[in-house]
Every structure is written in C-alpha cells, then in structure tokens.
There are 2 protein chains.
Amino acid sequence: MAQAPLSPHQIMIRKLQSIFTLTSEEEQALLSLPIQTKDLEANQDIARVGDQPNQCCLIVEGFTCVHKISAEGKRQIIALHVPGDIPDLQSLHLHVLDINITSITRCKLGFIKHSDMHQLCEQYPRLTAAFWRETLVHASIFREWLLNIGRREAYARIAHLLCEILLRLKAVGLTEEKTFHMPMTQAEMADATGMTPVHVNRVYQALRADGLISTEKSQMTLPDWNKIQQAGEFDPLYLHIKKQATS
Amino acid sequence: MAQAPLSPHQIMIRKLQSIFTLTSEEEQALLSLPIQTKDLEANQDIARVGDQPNQCCLIVEGFTCVHKISAEGKRQIIALHVPGDIPDLQSLHLHVLDINITSITRCKLGFIKHSDMHQLCEQYPRLTAAFWRETLVHASIFREWLLNIGRREAYARIAHLLCEILLRLKAVGLTEEKTFHMPMTQAEMADATGMTPVHVNRVYQALRADGLISTEKSQMTLPDWNKIQQAGEFDPLYLHIKKQATS
DNA sequence: CGCAAAATTGAAAACAATCAAATATGGTGG
DNA sequence: CCACCATATTTGATTGTTTTCAATTTTGCG
C-alpha cells in the first residue's frame, strides 16, 4: 500500500519507530505535538542559507532535497528527504542554516515550532535521544555519500543511491515490492551524485541493459536486488534501520 | 602558543566553548568526568566498522581520521579530527559503528564511558544540547565536504580543506599566525579529497607556485588568507564556530 | 494538439587516474 | 655524525572516465 496518505503525526511516528523504539506514552506525546501543514509546488524553496528558522519542517508527502551551490554556480544535492524526514532538525541547535532546502515534487509539509520541540524533549528525555539519533542517522548517510561520491565510479554510484532510496521508502511503507515512485529527474540525480546529467543518462542506459533497473513513467523497479546491491556495493548498515526487510 | 599540552578536560572544554557557551558550573561538571588516557602510535586503528563501543574517544593530542573502504578497496577519509574532537560521539546513540577510526599521527586519546556521558547529560540537560550541537557541527562539515568533493575541481578542493584545517586548529589554539602543524601526507590528503596522491602532489605544486601555500617539513603556511579563501571558495559559516578569528 | 521540460545522442575536449620510475626526506642505529 | 632504509614526494608518459557542447527526440501535461 504505497503512497497511503498518512497524517503528519502518523508518518513522523512511523519514521521514528523505524530507527528507535517508542513507548505508547511517547507516541501519545508526539501525537499531541502541534503541527501546521502546508502544501507546496515542486521546485520551491523551503529554506535558504543564512535563514534562522524558529520551526522544523516535517516531510509528510513528496520528496525534498538539501543542497548547496558552489561559487562557480554548481549545485550539489547533499541529502534527499522522503516522508517522515525532518530536513532541518539540526536547526534546533545550529541556529543559522548552512544549506538550502527545496521541494523536488509537490509536497505536504508539517511545521513544528522549535519551542514545542524543546518543551517536548524536556518532558520526555527519551525523545531527545530519538531525535538526536535521527540527526545522527542522517549524518551517517552523509558519510556514506562521501564514500560514494569520492571513491565509487559512476555506475556503482547511481546503483548505490537507488538502493538507498528503495530502503528508505520501504522503511516508511512507501514501496510496492521492488517498485517505487521515483520523481527525481536525471539532472537531479546528477546533482546528487556529483555527475553531469548526460553521464547519468548513459549510466541509466547501462543499468537498464544489465537488467538492474527498469523505469516506466516515474516508477522505478529494481528487478534483481542482489545484483544491484552488489553493483552499488550497498550495505544497509549505515542506515541504522531497526527491522530490515530487504527481500 | 601552538601545541601547548592541555589536559584532556581542558581541551574538551576549550573545544566545546568554541561552539557553545558553557557556564562555570557546567565546566566544573565536565572537569569531574572520568577520562582515561592512552597513547597511540601513528596509523593505528582506534575502532572499526561493526564495533559496538561502550565509550567515546576524545582526541587530546594529534590527528585522527574517520574513513570507509569501498568494495574495490579504495579508501575515503570522511572526517579529520583534531584535539578537542570526539570522533565517535555518535556511538552514544548509534550502537554499531559504520566507520573506521585511525590515528594519523602519534596521539594522546581520552576515553570516556558512555554510562558517564549519559549520566552527565541527564544531570545537565544543557550539556546534552552542547554535545548534540557538537555532532551537528560535524554533520555540517560532512555536508560541506560533499559539496567540495562532488562539485569543486581539485585545486579548489585542496585549498578549501587547508582553510578548514587552519580554522579548526585556530579554534582550539593550535596555530601560529598563518602556520600550523600539518601531519597529513599527500596520500592522506588524496583519500580525504577523493583524489589520487599524484594529483594532490601536482595541485600542491600549483598552490605553491601561486603563493597560496608554503611548506617546510610538516609546517604548513597559508601566506595570503584572502587569496586561498577565494581559491577554495571557503566560507566558514558551516563550521559554526562562535568567535571567528580569521585574521 | 502544442509546448516546455526531460531524456537521448554524438563528437570533441579536459581533468584526473594510472603506471612506472626516480628523487628526496626523515628517522634510526652504528 | 653519518650511512642506511623505508616512506614520502616528485616526475613523465599514457590512458580513460567524465565533461562539455550542441543538437535531436521524447515525454508529460494543459
């Protein structure tokens, strides 16, 4: 049941449960957190370098990305965010944003005031640990991306990223078997992998020819998990997901 | 007064003070934290992928790095750590290490039990925030490295990393004007920037020819801060250092 | 049906990797 | 203090993945 439209609180809890075990009391507390939702078109800025937000942004539906622009004007996508993620959770303790956050697709966002977060964490110290852990898992993903971009060749790099997206969507119940909704353009994949769009296109073709991916509209299928996992040198340890269903 | 031999507690406090304002009560609490020190030769493993440490490792003297090895056997240095840093602070909440930690130089390390850290944080919630912030600053550095490796060409990439090292050492008082002790070999710089040692060597020569760096033994000098900052597209915002002395 | 965005193709250029040696350096023991 | 050795740096020639540039084709959507 991919794309089931969950409420902001439900998706947040599902995501946290995938990396941390919440008690029902803690779930209750999360459910009472005030969240204000907002819909957004694709390719809209959510926040920008230099901003000093007083709220966090929960992805409820859609994809967003965090990116930086070099002085030469080149864009690097630093992170992808799927439903359940909070791209600017760091802003709780780093008060000036050093990144841009932009929607990739149409999105439903949930905004949570810093003050409400701080109050909740004060009251439930285990939730502090849960959110801290959430930021640490994202840091772990940054580390794996560094290896991916710094030391893997293009073919493995793309394969690796596709494996990651599948597992992260699976963790929040947004996949259908080996198929998932993949809204990123090849140009966006290029920005995420430190490549050019042209080269991404050529690697996609190679992956298709080798039977590692098949695409139809914006549906991406990874028909042979073992093969693509091997091609991408993919080991899901770094995602620190509790229950690992990689079937 | 570079290389002044500070105690483990002193260097930890100095580092935290560079990104967070500690009260004297909090400093007192940190001073009473049990830390067991250990000396280590260069190029020794401190921890490895898969480990489940029950302690954190504070760098007191020397340089260490965090790295990952690809399936092809290529190494990517993910992070550098200088005195005051705690490379595996994440292990407080991510119980299985997804990285290797290795000494670059001879080091003095301080080990702090997780249980002592948890107890301290429970007692002083602002210290939880301080350590959380410390992990977030390191995550911010990962993000900048992603931009550096993904989108900057070799010349800028090296320049950027050298700027970062200077500022990070300055934050803990380990620089002499524009000069600092730079113990990394060119091969290690290559692993940190996703390049080959040969190419690092050629970029170093270009930087020397352009008057952006000068090296003598393992002393590195950046004679013209403005020029190298520009060459490396370096903006220190991402370091989130409180008092910024970039003279 | 029409249009803008995205994907695809081909050819040429460039940055960086690779391979293989040669030179220099720093630390050690005699 | 010097010779020696392992390590690190440097050099040159070649190869190769990836980028760049410039179309062309396809797709999705109103």
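A note on names: the letters A, B, ... follow the listed sequences, proteins ahead of strands, and every chain is numbered from 1.
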*Using a heavy-atom cut-off of under 4.0 Å over every strand shown, decide if A:R208 touches base, sugar-phosphate, or nothing.*
sugar-phosphate

In whole angstrom, give the distance that lies between atom [atom1] of [X] and atom [atom2] of [N].
X      : N      : atom1 : atom2 : answer
A:Q205 : C:dT9  : CD    : C1'   : 8 Å
A:Q219 : D:dT27 : CD    : C1'   : 16 Å
A:I213 : C:dA7  : CD1   : C1'   : 13 Å
B:R202 : D:dT9  : CZ    : C1'   : 12 Å
A:Y204 : C:dT9  : OH    : C1'   : 18 Å
A:M195 : C:dT8  : CE    : P     : 13 Å
B:D191 : D:dA8  : CG    : P     : 12 Å
B:E216 : D:dA8  : CD    : C1'   : 17 Å

*Below 4.0 Å: OP1/OP2 of D:dT10 and any side-chain N or O of B:N201*: yes

_Check the phosphate of C:dA7 against A:K217, side-chain N and O only, distance under 4.0 Å to OP1 or OP2. Yes or no?_
no

_Donor on one side chain, acceptor on other, B:H160 and B:E164, under 3.5 Å_ = no

*Indicate whether any N or O donor in one side chain lies under 3.5 Å from an N or O acceptor in the other, for A:N148 and A:E144.*
no

*A:K74 has a side chain; which of C:dA16, D:dT20, C:dT18 sits nearest to it?*
D:dT20

*Nearest-nucleotide wise, let me know which of A:E153 and B:V198 is further upstream toward the 5' end of DNA chain D.*
B:V198

*Tell me which of B:R152 and B:R106 sits closer to the 5' end of DNA chain C, going by the nucleotide each one is nearest to.*
B:R152

*Please confirm whether the backbone N or O of B:E41 pairs with a side-chain atom of B:S103, one donor and one acceptor, at under 3.5 Å?*
yes

*Polar side-chain atom of A:T175 near backbone of A:F180 as donor-acceptor pair, under 3.5 Å*: no

_Presence of salt bridge, A:R48 and A:D51, under 4.0 angstrom_ = no

